[in-house]
Amino acid sequence: NSLYGEGLEFLGLIMVAACGLSILAAPRGKCITRFLLLAFCGQFLISSKGQAALAAPSVILLLVVLGIYHITGMRRSSVVLRVGSSLCLAALILYTGFFSVAIFQENQRKNSRHTEWHAFFNGALLMTDDPAQVLRDFDMDPRLLADVGKHSYLPDDQYLYPPLSEEAQREIFSKVNTLKLTGYYLTHPSMLLRALEHSAQAARAEMPDWFIYDGQWDTSAQQPVSRFSLWESLRPRFVPGHIVSYLLFFLAMAGYTLFLLIRQWKYADSQKLVLYAFYAGLLILSALQFPLSVLGNGLVDNTKQLYLHRLSFDIAFVFAAAEGTALLIRWVRRYESSAAPMVTAEKSEVEV
């Protein structure tokens, strides 16, 4: 929900992270019951907002990786316990998957008319140089060009077919939906690049201010909030604002994650391997959320709709910066320690 969904997304992500780290820090094979709590936290995140249903792959990744970490740490003699724990984990994973699908379907049932209207008339038809051709591709009435750029909350007499009318269902929504639009974008790369460019710019912008509702709407200018806003003001200086640089930046972080995973696999450090899998889950969550706003809701409230993407991306960015700095310090120290004997030897030669 647009009124409180962002706050629940924040709480859900922090709950999942905290619960996951708690399981990781526990003795191996000694905290299987905590997986129920992780599944509950994942359910909280997934149900925080309709688009958060796509957080399910990241939650399932955590369940799988943490499950393998703890089940393989059990005593080999405890065959029954290992099999039982594996079955319980599989049940939690299936439940999380089915729950996310149910949330997505419920959101589509309640909001599909409005979101699909915005995605088409306030999105796809604005991403092309020839909106009339797009209407022909979807076999729609060419007179619908008059509704391009309109949101779905105007009086009925402002539309050719009011969004909630039976005529709109027959003439518009029976011919277009989110999946068909996604397929259309994929077959029209120029439109897709324009949509992703808009997403990149919206993801970089500062979060919008909010109106206050205390029994009646107050649409007067709001007082800017300056508390706890240091990162919000610094963020635009670090995050790319164009799709090409954004993708390069994101691919660099993904490549760095792969490097860390391979490195820890080589050193057989299971705990760090799981920690970097956490990081990979953050990147997956961020990547899945990035195109949703424009592709699924047009040019409507994009910065606000990208809140979960921004949050997961920022955490991943800070994590990568901290890990990269630590790695650089270790390399410098290793170089200094290897260079020290050479310097001592040179001094000895000079003295001789």
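Note that the numbering runs from 1 along the sequence shown for the chain.
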- Message: Between F249 and F317, is the ring-ring contact (aromatic ring centres under 6.0 Å, His included) condition met? List the steps.
- Response: CA-CA 10 Å; F249 190 78; F317 173 78; 5.7 Å; yes

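- A search for ring-ring contact (aromatic ring centres under 6.0 Å, His included) contacts involving Y279 returns F319, not counting sequence neighbours.
- Cluster membership for L125 and V300, using ILVMFWY side-chain heavy atoms within less than 4.5 angstrom, is not shared.
- You'll find the side chain of P57 reaches within 4.5 Å of the side chain of L288, heavy atoms only.
- Distance check: L126 CG to M191 CE gives 9.5 Å after rounding to the nearest 0.5 Å.
- Across all non-hydrogen atoms, the minimal contact from S152 to H114 is OG-ND1, 2.8 Å.
- Taking 4.5 Å as the limit, some side-chain heavy atom of L292 sits within range of a side-chain heavy atom of Q289.
- The side-chain heavy atoms of V294 and L196, taken from C-beta on, include no pair separated by under 4.5 Å.
- Applying the side chain to side chain donor-acceptor pair (under 3.5 Å) definition to pairs two or more places apart or across chains, those involving residues 86-103 are Q43-Y95.
- Counting only heavy atoms from C-beta outward, the side chains of L8 and K49 never approach each other to under 4.5 Å.
- Hydrophobic clustering (side-chain heavy atoms under 4.5 Å, transitive across Ile, Leu, Val, Met, Phe, Trp, Tyr) keeps L179 apart from L186.
- Separation of atoms NZ (K175) and CD (Q169) is listed at 11.5 Å; rounding is to 0.5 Å.
- In the hydrophobic clustering of ILVMFWY residues, with side-chain heavy atoms under 4.5 Å counting as a link, L193 and L295 come out apart.
- Dense packing is recorded around OH of Y256, with more than 12 heavy atoms of other residues, nucleotides or ligands lying under 6.0 Å away.
- Every side chain to side chain contact (heavy atoms under 4.5 Å, CB included) that L92 has, sequence neighbours left out, goes to F35, L36, A39.
- Checked against the 6.0 Å centroid criterion, the rings of F120 and Y184 do not qualify as a close aromatic pair.
- For residues 307-318, the pairs satisfying salt bridge (Lys or Arg N to Asp or Glu O under 4.0 Å) are E232-R310, R235-D314, with sequence neighbours left out.
- Among residues two or more places apart in sequence or in another chain, the salt bridge (charged side-chain N to carboxylate O under 4.0 Å, His left out) test is passed with K150 by D147.
- Here the closest non-hydrogen pair linking L283 and A316 is CD2-CB, 3.8 Å.
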For residues 238-246, which side-chain N or O atoms pair as donor and acceptor with protein atoms under 3.5 Å away, sequence neighbours left out?
unit_1	atom_1	unit_2	atom_2	d
H242	ND1	E197	OE2	2.7
S245	OG	H242	O	3.0
Y246	OH	H309	NE2	2.4

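- When the ring-ring contact (aromatic ring centres under 6.0 Å, His included) test is applied to F259, no partner is found at least two apart in sequence or on another chain.
- Judged by distance alone, the side chain of T115 and the main-chain N or O of N297 form no donor-acceptor pair under 3.5 Å.
- A280 approaches L61 most closely through the heavy-atom pair C-CD2, 4.4 Å.
- The cluster map of Ile, Leu, Val, Met, Phe, Trp and Tyr, joined by side-chain heavy atoms under 4.5 Å apart, puts L251 and F313 in different clusters.
- Counting non-hydrogen atoms of other residues, nucleotides and ligands closer than 6.0 Å to CZ of R330 gives a total above 12.
- When ring centroids are compared, F250 and F290 stay outside the 6.0 Å threshold.
- Annotation: ring-ring contact (aromatic ring centres under 6.0 Å, His included) contacts of Y69 (sequence neighbours excluded): none.
- Put simply, CZ on R334 and CD1 on I329 are 13.0 Å apart, with the number rounded to the nearest 0.5 Å.
- Considering I172, L144, L154 as possible partners of Y159, the one that fulfils the side chain to side chain contact (heavy atoms under 4.5 Å, CB included) test is L154.
- The side chain to side chain contact (heavy atoms under 4.5 Å, CB included) check on Q133 picks up D130, R136, D137, with sequence neighbours excluded.
- Side-chain contact check for E9 versus L311: every heavy-atom pair is 4.5 Å or farther apart.
- In terms of hydrophobic clustering, with Ile, Leu, Val, Met, Phe, Trp and Tyr side chains grouped at heavy-atom distances under 4.5 Å, L94 and F99 are assigned to different clusters.
- Applying the ring-ring contact (aromatic ring centres under 6.0 Å, His included) rule to H118 yields the partners Y153; only residues at least two apart in sequence or on another chain are considered.
- Residues L327 and W331 are in side-chain contact: their nearest non-hydrogen atoms beyond the backbone lie under 4.5 Å apart.
- Side chains of V274 and H70 form no contact here, defined as non-hydrogen atoms less than 4.5 Å apart.
- Closest of all the heavy-atom pairs between Y185 and A119 is OH-O, 4.5 Å.
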Compile the donor-acceptor pairs under 3.5 Å between side chains in residues 13-25 and protein atoms, sequence neighbours left out, one pair per line.
unit_1	atom_1	unit_2	atom_2	d
S22	OG	R34	NH1	2.8

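- Side-chain contact between L299 and M127 is present, with heavy atoms from C-beta onward closer than 4.5 Å.
- A distance-only check finds no donor-acceptor pair linking the side chain of E171 to the backbone of D141 [under 3.5 Å].
- Among residues two or more places apart in sequence or in another chain, the salt bridge (charged side-chain N to carboxylate O under 4.0 Å, His left out) test is passed with R28 by none.
- Across F173 and P163, no two heavy atoms sit closer than the pair CE1-O, 3.1 Å.
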